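Remarks on the structure that follows.
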Amino acid sequence: KPFWVDSGFTNQRIGLVSVNLGLGLSIAGGLLGGWYVDKAGIFRGLWVLGLWQALSNLGYAAAAHVVPLAPQGNEIALAHQLAVYGASALESFTGGLGTGAFLAFLMAITSRERATTEYAILSSIFAFSRAVAGWAGGIGAQEMGYAAYFFLTFWLSFPAYLLLPQVRRMLAASDSR
């Protein structure tokens with residue numbers, strides 16, 4: 001949201017596009033992500049759909065590169081509106097893709113006997129990590145500028161791929177139960 005505000009978008013435009021349209025695109029992405037995981041498997045879904053989710057950060061990097069900062073409520077050129085709306089749509093859709101795969105992973109690794117507790121704990125850790133990332137992201141964007149920060153977030157998604165061998169082992173262990 002700070003990027004939108006600093007680019008001159010009003011709260012009404014932010015809500016209309018990033019919240020309302022974004023919700024629909026997230027749901028569509030989640031449905032498609034769930035379908036893909038069902039066809040390709042959880043492991044493949046995590047790395048393929050995670051890559052799509054990472055690529056969406058490049059959409060915001062491109063938008064931040066071309067959209068000038070302006071006081072909120074100023075007139076925004078149509079090309080700049082479309083750049084931000086496109087980046088937001090891509091982020092919402094691919095976020096749904098990645099979330100579908102991640103939730104399937106969480107469901108797969110919980111035991112039947114303690115599924116509710118384990119799922120609640122794991123999803124809370126996931127939510128907490130997003131809150132910490134949001135706080136750190138604000139500092140990063142302020143210090144680096146939006147375009148450089150969004151570009152960096154694309155690259156910061158790749159260390160998670162180092163965990164994939166462990167993810168494969170966890171999935172194999174859950175299959176043997």
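Fair warning: this is a prediction, and the values are worked out from it, not measured in the lab.
- Without hydrogens or angle criteria, Ser174 side chain to Ala108 main chain gives a donor-acceptor distance under 3.5 Å.
- At a threshold of 4.5 Å between non-hydrogen side-chain atoms, the residues Phe93 and Leu32 count as touching.
- Ala101 and Leu49 make their closest contact through CB-CD1, 4.0 Å (heavy atoms, listed as atom of the first residue, atom of the second, distance).
- By the side chain to side chain donor-acceptor pair (under 3.5 Å) test, Arg114 pairs with Glu118, sequence neighbours left out.
- With 3.5 Å as the limit, one finds no donor-acceptor pair spanning the side chains of Gln72 and Asp6.
- Side-chain atoms of Gln81 and Arg13, non-hydrogen and from C-beta on, do get closer than 4.5 Å to each other.
- Scored by the side-chain contact (heavy atoms from CB on, under 4.5 Å) test, Met170 finds Phe105, Ile109, Gln166 as partners (sequence neighbours excluded).
- Between the CD1 atom of Ile42 and the CH2 atom of Trp47 there is a distance of 16.0 Å, given to the nearest 0.5 Å.
- For the atom pair OH of Tyr85 and NE2 of His80, the computed distance is 13.0 Å after rounding to the nearest 0.5 Å.
- Residues passing the side-chain contact (heavy atoms from CB on, under 4.5 Å) test with Ala40 are Tyr36, Arg44, sequence neighbours excluded.
- In this structure Ile139 satisfies the side-chain contact (heavy atoms from CB on, under 4.5 Å) test together with Trp135, Glu143, sequence neighbours excluded.
- Using a 4.5 Å cut-off between side-chain heavy atoms of Ile, Leu, Val, Met, Phe, Trp and Tyr, with links allowed through other members, Leu82 and Leu69 fall into different hydrophobic clusters.
- Hydrophobic clustering (side-chain heavy atoms under 4.5 Å, transitive across Ile, Leu, Val, Met, Phe, Trp, Tyr) keeps Leu171 apart from Leu163.
- Residues Val167 and Ile125 do not share a hydrophobic cluster, defined by chaining ILVMFWY side chains whose heavy atoms lie under 4.5 Å apart.
- Between the side chain of Thr94 and the backbone N or O of Leu97 there is no donor-acceptor pair closer than 3.5 Å.
- For Phe158, the ring pair (Phe, Tyr, Trp, His ring centres under 6.0 Å) partners are Phe154, Trp155, Tyr161, not counting sequence neighbours.
- Going from atom CG of Leu46 over to atom CG of Leu51 covers 12.5 Å, rounded to the nearest 0.5 Å.
- Taking the side chain as every heavy atom from C-beta outward, Tyr146 and Ser7 never approach each other to under 4.5 Å.
- Ser88 places no side-chain N or O within donor-acceptor distance of the main-chain N or O of Val84, the cut-off being under 3.5 Å.
- Side-chain atoms of Leu58 and Leu90, non-hydrogen and from C-beta on, never get closer than 4.5 Å to each other.
- A heavy-atom distance below 4.5 Å is found between the side chains of Leu103 and Leu106.
- Across all their heavy atoms, Phe150 and Ala64 have their closest contact at CD1-CB, 3.9 Å.
- Residues Met144 and Leu152 have side chains in contact (heavy-atom distance under 4.5 Å, counting atoms from C-beta outward).
- Outside the 6.0 Å centre-distance limit, the rings of Phe3 and Phe9 are not counted as a close aromatic pair.
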Please tabulate, for side-chain N and O atoms in residues 16-31, each donor-acceptor pair with protein atoms closer than 3.5 Å (sequence neighbours left out).
residue	atom	partner	partner atom	Å
Ser18	OG	Ile14	O	2.6
Ser26	OG	Gly22	O	2.9
Ser26	OG	Ser92	O	3.2

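- Note that CH2 of Trp4 is 10.0 Å distant from OG1 of Thr10, once rounded to the nearest 0.5 Å.
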